[in-house]
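Input: a single structure, listed below in structure tokens.
Chain naming here is simple, since letters A, B, ... match the order of the sequence lines and numbering starts at 1 in each.
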Amino acid sequence: MRRDVVVVAVIWIVLSVLGVLFAASWDIYPPRAGVEAEHIDEAIRILMMLAAPVFMFVVVMMVYSIWRFRAEDEREEGPPIYTNRPFTVSWLVLTTVLAGVLFYNPGYVGWKFLKSNPTADLVIQVTAAQWHWHVTYPQYDLTIKSRPIGFERMDENQVLALPAGRRVKFEVTSDDVIHSFWIPALRLKVDAVPGIVTTMYTTVTETGSYEENSVFRVQCAELCGTGHPRMTMPVVILEPEEFEKWIEEQKEMQEMGGMMEEEEEGH
Amino acid sequence: MLPVFRGLLWGLIGFAIGALLTALVRIALGMEPWVFGPLFFVGYLFGLAGWLLGVGVWDTWMREFLGMEPRPYKEEGWRRYFGFNTDHKVIGIQYGVTFIGMFLLAGLLAMAMRIELMRPGRDIFDFATYNRVMSMHGFLMVLVAVTAVPGMFGNYFVPLMIGADDMAFPRMNALSYWIWPPAAILLLLSPFFGGWDSGWTAYPPLAITNEPGQMFYNLAFFTGGLSSVVGSVNFLTTIITMRAPGMTWGRVPIFVWSIFMTSIMSLTATQFVGVAMIMTVLDRVAQTAFFDPARGGYPLIYQHVFWFYSHPAVYVMIMPSWGIMLEILAHFARKPLFAYRWAVAGMAGVTALSFTVWAHHMFTSGMPETLHVPFMATTEAISVPTGLIFLAALGTLWRGKLRFKTPMLFALGMLFNFLIGGLTGVFNSDLPADMHLHDTFWVVSHFHYTILGGGIFGLIAGIYYWFPKMTGRMYNEALGRLHFWLMFIFFNLTFFPMAWLGLHGMNRRIGDYPPDLAGMNMFVSMAAFILGASFLIFVYNLVVSWIRGPVAEANPWGARTLEWATPSPPPEHNFPRVPEVLSGPYDYGVPGAVHAKV
Ligand SMILES: [Cu+2]
Ligand SMILES: [Cu+2]
């Protein structure tokens, strides 16, 4: 009996240490491109490290019992143990402490960080409508619009560009139903709700593009009807000079497009 | 005429009366009379009343109310299942067959979804159809998960386990079952009216502007909710007032406790979702604009009201299965249920806290920011009472004499799956992590681990455990084990990779995904097909064993609770005389202990 406890404790401690080390070093995360994204991946990593000993405890107790405490004959009965005060009380204390710890960090601390800096030098207004994104850069007087053409024709779609190294504020709303503005590479999403404006702040860090990894895209994450899976557009994150160039190109293209439209109307 | 047919006929007549009245009122008000929405809404409410009257309410309550002799439904053989039968054991079987059928249908829809998601791009569905199939799968499964265990096992075994001869209100019990067919008819008809494409959560404004098939969902949810309320009043009254002499609160089997706590949640929270459904329908048919910002409404109100029910509802889905799991662990470890009082306290704690966590579904919804931290705190606090269920389970296994029959395998499998379900849920309760993981396949993985891996594994454990009692025949043990291993392994291979998919940017409720996620999706689909196929073994085993399995003894497991102290299947009034309870139900290893004299 005492031996069983010791064996289980040793196996549990060994596996927990291994599990925590594994969770700490496991690079399971797709590319990320923001300061907030780093904190969010860190939160996931801390939670995995906290989950490892809990997972191991239950599994070790279970597997050990299955292996060690089999009935030899059908009518055999176990000892009439109804409870065990030290075990139950320490269980309750430990689970409460654990819940408190993970509430504080990564929960409370992480959230405080995400909300700590509501300033930005680049504002981007996003209006969702079934099933495209209107993206406005008010400081540059530029509006672009995605088309609901999905992943097969992603290369033909309008691209949303962000400058690396700048802090961005997204102001999100919707013209019809509820959508959700999600850029997986930034690890952030916020719903686009008709009638209200929701906001999302991030400091963009790395360059990247949809061709590298599909996390560089805008994805509608709230079911919004038939075109929901196609409500996506590529994201490209550029060095600041490249970004300025991109803005100019877009404006030129729009002017040319506008002239062509006028010509067509003239015919 | 079988009462089902009379119910259908009266239901149709009711529908016609309601629709015509509405048309007349609209003419009187100078409005266009033949508009589908309002006519259908009022017609359905009248039709529901007509159906219930026809199927049994007229013969029982109404005749009595009018001073006539009531005509209770008394039939034998297969016919007893097709009328307003008040025997709790018949009602248990009615619920069981109906909801297992529904489960298999919804499972087929899941297979269709995995065919579509096998490769990126469009395969068998266009996106509109995919959304409808997904919505139907989700909603049917939610109904199954909420209803199957309390409906089938709650009705069948709560009276038996507390030594009663029936439920406290047998006619209300029959009513709770016969409310369901109109909901089923609505869901079957919905695709002919465009179906609905807003998932099982049906957030407005989408749920107001989409096809009229949406209303069928709203009214089906409302109808099912009525049944939950009626059923839970009955469970609470039964457990409080019908316990046999000596069945003190400290001797009530843990499964009965789980149904007791579940009923508290169903009784007090279901009204909220009913209100959410009716408000959505009124926005559509009567331009009330509750959720329309252009006319002073606020779309997020729906989410608050909806989740105020639907979060407690996820505990309604899992708690009765905790009860089954702990019951089976004690009887198959042949050891007293460890820390019984703590387990009951855990269930009570979850029940109380379940009402305080709803907005954790709304961390990215744009709700006021003062709400985030408090809801993270309550959600993470609920892990403490949930942990007590694990405490009881592990403590019971420790130093027991374990017997690995199929019910035990499923109970152990459930413990493992629910562990992963609980741990993945912590990530969603964490505000920073949820910014990324919300509405992705991570969440799909998480709730299938809790509801399929937990709730439905518990349901299946219960089916194998109580099959001999309910049918009087034994299932095939070898097939049962084969089913377990296939289901357990391929369940995990299906749903664990989904967490990875979510982390890597695959959002949920989506008929297409970026090509770089193709490999993992193919793997998930393959695993899912084998998981689906494992149910063929299950159904084959149940059907063949029910028809010609070996005859079961009264107590094949040597278990101590009262349902095993009466023949399999139990006679009409359960026990020859009122049992006298002498001690707790789990006194294994205590020489000479007797739970009850029957
Ligand atoms: Cu969408
Ligand atoms: Cu919830």
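Side-chain contact between B:W342 and A:W91 is absent, with no heavy atoms from C-beta onward closer than 4.5 Å. Within the 4.5 Å cutoff, the side chain of B:P299 has heavy atoms near those of the A:I178 side chain. Residues A:Y64 and B:L397 are not in side-chain contact: their nearest non-hydrogen atoms beyond the backbone lie 4.5 Å or more apart. Annotation: side chain of B:L503 is in contact with side chain of A:I44 (closest heavy-atom distance under 4.5 Å). A:L223 places none of its side-chain heavy atoms less than 4.5 Å from the side chain of B:Y203.
Looking at B:P204, the atoms closer than 4.5 Å to chain A (heavy atoms on both sides) all sit in the backbone: N, CA, C or O. Only the side chain of B:Q303 has a heavy atom closer than 4.5 Å to any heavy atom of chain A. Of the two parts of B:P293, only the side chain, counted from C-beta on, holds a non-hydrogen atom closer than 4.5 Å to a non-hydrogen atom of chain A. In this structure, chain A has heavy atoms under 4.5 Å from both the backbone and the side chain of B:D587. In this structure, the portions of B:L391 lying under 4.5 Å from any heavy atom of chain A include both its backbone and its side chain. Only the side chain of B:Y298 comes within contact range of chain A, judged by heavy atoms closer than 4.5 Å. In this structure, chain B has heavy atoms under 4.5 Å from both the backbone and the side chain of A:I81. With a threshold of 4.5 angstrom between heavy atoms, A:T198 approaches chain B through side-chain atoms but not through N, CA, C or O. With a 4.5 angstrom heavy-atom cutoff, B:T440 touches chain A only via side-chain atoms.
Nearest approach of A:P79 to B:R399, heavy atoms of both residues: CD-O, 3.1 Å. Closest approach of A:T226 to B:F127, counting heavy atoms only: O-CB, 3.3 Å. Nearest heavy atoms, A:A43 versus B:A433: CB-N, 4.5 Å. Taking each heavy atom of B:L394 and A:M62 in turn, the nearest pair found is CD2-N, 4.2 Å. Closest approach of B:D197 to A:G225, counting heavy atoms only: OD2-CA, 3.6 Å.
When only modelled atom types and interatomic distance are considered, B:D516 and A:S214 share a side-chain donor-acceptor pair under 3.5 Å.
Note on B:N210, B:L415, B:L412: by heavy-atom pairs under 4.5 Å with chain A, the leading option is B:L412. Heavy-atom pairs under 4.5 Å with chain B peak, among A:L92, A:V190, A:V54, A:L188, at A:L92. Counting heavy-atom pairs closer than 4.5 Å to chain B, the top-ranked of the candidates A:S180, A:A192, A:P194 is A:P194. Residue with the most contacts toward chain A among B:A339, B:G366, B:A593: B:A339 (heavy-atom pairs, distance under 4.5 Å). Per-residue heavy-atom pair counts under 4.5 Å with chain B were compared for A:A185, A:G227, A:P80, A:G195, and the maximum is reached by A:P80. Of all the listed residues (A:A221, A:C220, A:A37), the one sharing the greatest number of non-hydrogen pairs under 4.5 Å with chain B is A:A221.
Looking at B:N507, its side chain never comes within 3.5 Å of a backbone N or O of A:Q219 through a donor-acceptor pair.
Ion pair B:E369/A:K115 flagged as a salt bridge, since at least one NZ, NE, NH1 or NH2 atom sits closer than 4.0 Å to an Asp/Glu carboxylate oxygen.
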- Message: Determine whether A:I66 and B:F404 satisfy the following criterion, side-chain contact (heavy atoms from CB on, under 4.5 Å), listing intermediate values before the conclusion.
- Response: CA-CA 9 Å; A:I66 290 172; B:F404 299 101; 3.6 Å; yes

- Task: Apply side-chain contact (heavy atoms from CB on, under 4.5 Å) to A:D176 and B:T209, showing your working.
- Result: CA-CA 9 Å; A:D176 41 43; B:T209 53; over 6 Å; no

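Other residues, nucleotides and ligands place more than 12 heavy atoms under 6.0 Å from the CZ atom of B:R403.
Shown are A:E76, A:E77, A:E72; of these, the salt bridge (Lys or Arg N to Asp or Glu O under 4.0 Å) with B:K401 is made only by A:E76.
Here CH2 of B:W500 is found 8.0 Å from CD1 of A:I28. Values are rounded to the nearest 0.5 Å. The distance from atom CZ of B:F363 to atom NZ of A:K189, rounded to the nearest 0.5 Å, is 13.0 Å.
Ring-plane geometry between A:W182 and B:H436 is classed as tilted, the angle between the planes lying from 30 to 60 degrees on a 0 to 90 degree scale.
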